[in-house]
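Worksheet for the structure shown next.
Computed from a predicted model, the values in this text were never measured in an experiment.
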Amino acid sequence: MNADRLARPAEEVAPELLGAVLTHETAEGTVSVLVTETEAYSGTADPASHAYRGRTPRNAVMFGPAGHLYVYRSHGLHWCANIVTGTDGVASAVLIRAGRVIGGEDLARSRRGPKVEDPRLARGPGNFCQALGITAEHNGADLLTGAGVTLSGGEPVPAARIRVGPRVGVSRAHDWQHRFYLAGDPTVSAYRLSPRAESPDRARSPRRRAT
DNA sequence: CGGGGGATTGTT
DNA sequence: ACAATCCCCCGA
């Protein structure tokens, strides 16, 4: 993967990362996943981005150069991985939401559990990280060095197979069309509207909280 | 320094 | 619809 391709805004890079392959090599073995679903987070300009309120210890990696991994813990349970994009000093990142395991299936299943069906091994951002064995220790990892977690281009995806939609689960700016996925692919996660999604017109919703 | 809440997941 | 479960970050 060329660093220059990543040195652009997340919303431009996100659809191009479909079909790319993330590989994690450990002593236990190697797992490779072909990316089938991404979401763009546009840094300080994006109310849903962790970088929206500026640089903090947690989100610092997003402000660095492209091609590194930004890993954060979600809901105290799961790890989620972003590929940092954009130029150094400007926060921008693409959340990897799902993929298809194309190598090291046995290892991936040993991490995810024996009952998990193939398409679900890396379906959802938390499951994706679990299948690949990505944790906090990989926060800031350089994906272009060829060691540990690496990113490669993979097969180009025909534009006709790419779909765009609103982001999953975010409460703010949930209608931004920043989610990209492969049409009809069973490894793509299901869409969920956040229960807190702020709606400009809530008149149709009978259940409004009295504050 | 206390507490609300989240880029989730799997089950009820 | 909800719990599990950590910790970031805002406001005081």
Side-chain angles (χ1 to χ4, degrees), chain A residues 9-11 13-15 17-18 22 33 35-63 68-86 91-99 101 108-109 111-140 163-181 186-199 205-211:
Chain A
E11 60 270 27
V13 178
L17 283 175
L18 297 176
L22 270 173
V33 180
V35 176
T36 58
E37 180 184 1
T38 60
E39 267 177 10
Y41 286 86
S42 304
T44 52
D46 182 352
S49 170
H50 290 170
Y52 183 54
R53 298 170 198 274
R55 185 181 185 131
T56 69
R58 177 179 59 159
N59 66 27
V61 174
M62 269 196 289
F63 287 81
H68 291 248
L69 212 54
Y70 165 52
V71 181
Y72 69 93
R73 204 206 264 289
S74 174
H75 292 261
L77 300 170
H78 317 283
W79 300 109
C80 294
N82 295 248
I83 294 173
V84 175
T85 70
S92 187
V94 174
L95 172 71
I96 308 301
R97 286 201 51 89
V101 176
R109 177 167 284 100
R111 290 169 172 156
R112 288 275 291 126
K115 299 189 309 179
V116 179
E117 302 156 25
D118 279 11
R120 311 185 86 104
L121 282 175
R123 188 179 119 154
N127 295 332
F128 181 91
C129 282
Q130 192 177 10
L132 270 170
I134 291 175
T135 66
E137 72 180 89
H138 302 104
N139 187 40
R163 295 293 178 275
V164 187
R167 296 182 288 195
V168 175
V170 298
S171 60
R172 298 189 301 179
H174 75 277
D175 54 336
W176 286 27
Q177 305 293 296
H178 271 23
R179 175 178 178 238
F180 304 89
Y181 56 96
T187 67
V188 173
S189 72
Y191 176 75
R192 286 194 192 188
L193 177 67
S194 167
R196 298 178 188 280
E198 47 194 31
S199 166
S205 172
R207 215 178 323 198
R208 183 212 275 265
R209 182 91 47 118
T211 46

Toss me the dot-bracket line for DNA chain C: Watson-Crick and G-U wobble, both under 3.5 Å, 5' to 3', using | for pairs to another strand and [ ] for crossers.
||||.||||||.

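The distance between atom CG of Leu77(A) and atom P of dA7(B), rounded to the nearest whole Å, is 14 Å. As a whole-Å value, the separation of Met62(A) CE from dA7(B) P is 11 Å. What separates CZ of Arg97(A) from P of dA7(B) is a distance of 11 Å, to the nearest Å. If you take CG of Asp175(A) and P of dA7(B), they are 15 Å apart, rounded to a whole angstrom. Whole-Å rounding puts the Arg123(A) CZ to dT8(B) P distance at 14 Å. Going from atom CD1 of Ile96(A) over to atom P of dT8(B) covers 14 Å, rounded to whole Å. Per the geometry, NE2 belonging to His75(A) stands 8 Å off P belonging to dG6(B), to the nearest Å. Look at CH2 on Trp79(A): it is 14 Å from P on dT9(B), rounded to the nearest Å.
Across all strands, Asn82(A) comes closer than 4.0 Å to base atoms (heavy-atom distances). When heavy atoms are screened at a 4.0 angstrom cut-off, Thr56(A) is found touching the sugar-phosphate backbone but no base atom. Using a 4.0 Å heavy-atom cutoff across all strands shown, Arg172(A) reaches no nucleic acid atom at all. As judged by a 4.0 angstrom heavy-atom cut-off over every strand, Arg192(A) is placed among the base-contacting residues. Using a 4.0 Å heavy-atom cutoff across all strands shown, Arg167(A) reaches no nucleic acid atom at all.
Here, dC7(C) and dG10(B) have their C1' atoms 22 Å apart, quoted to the whole Å. Taking atom P on both nucleotides, dT5(C) is separated from dG2(B) by 23 Å, rounded to a whole Å.
Proximity of Arg73(A) to the phosphate of dG5(B): no side-chain N or O atom is located under 4.0 Å from OP1 or OP2.
Panel note: side chain Glu37(A), backbone Ser189(A); a donor-acceptor pair is recorded below 3.5 Å.
Positionally, the nearest nucleotide of DNA chain B for Ser194(A) lies more toward the 5' end than for the other of Lys115(A) and Ser194(A). When each of Ser171(A) and Gly126(A) is assigned the nucleotide of DNA chain B with its nearest heavy atom, Ser171(A) is the one assigned upstream, toward the 5' end.
In this model, a donor atom of one side chain and an acceptor atom of the other lie less than 3.5 Å apart for Thr187(A) and Thr36(A).
Here dT8(B) is the nucleotide among dC9(C), dA7(B), dT8(B) with the atom lying nearest to any side-chain atom of His78(A). Of the candidate nucleotides dT9(B), dG5(B), dA7(B), dG5(B) has the atom nearest to the side chain of Arg196(A). Closest approach to the Arg58(A) side chain among dC8(C), dT8(B), dA7(B) is made by dC8(C) (side chain taken as heavy atoms from C-beta onward). Distances were taken from every side-chain heavy atom of Arg53(A) (C-beta onward) to each of dC9(C), dG10(B), dA7(B); the shortest belongs to dC9(C).
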Test side chain to side chain donor-acceptor pair (under 3.5 Å) applied to Thr85(A) and Ser92(A), step by step
CA-CA 5 Å; Thr85(A) 70; Ser92(A) 187; 2.9 Å; yes

Could you go through the side chain to side chain contact (heavy atoms under 4.5 Å, CB included) check for Asn127(A) and Leu121(A) one step at a time?
CA-CA 7 Å; Asn127(A) 295 332; Leu121(A) 282 175; over 6 Å; no

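Each of Arg167(A), His178(A), Arg172(A) was evaluated against Asp46(A); a single residue qualifies, Arg167(A), per the side chain to side chain donor-acceptor pair (under 3.5 Å) test.
The aromatic ring of Tyr41(A) is stacked on the base of dA7(B), with the two ring centres less than 5.5 Å apart and the planes inclined by under 30°.
When ring centroids are compared, Tyr72(A) and His50(A) come within the 6.0 Å threshold.
Sorted by first and then second residue, the salt bridge (charged side-chain N to carboxylate O under 4.0 Å, His left out) pairs involving residues 113-130 of chain A (not counting sequence neighbours) are Arg109(A)-Asp118(A). Contacts classified as salt bridge (charged side-chain N to carboxylate O under 4.0 Å, His left out) and involving residues 130-140 of chain A (residues at least two apart or in different chains) are not found.
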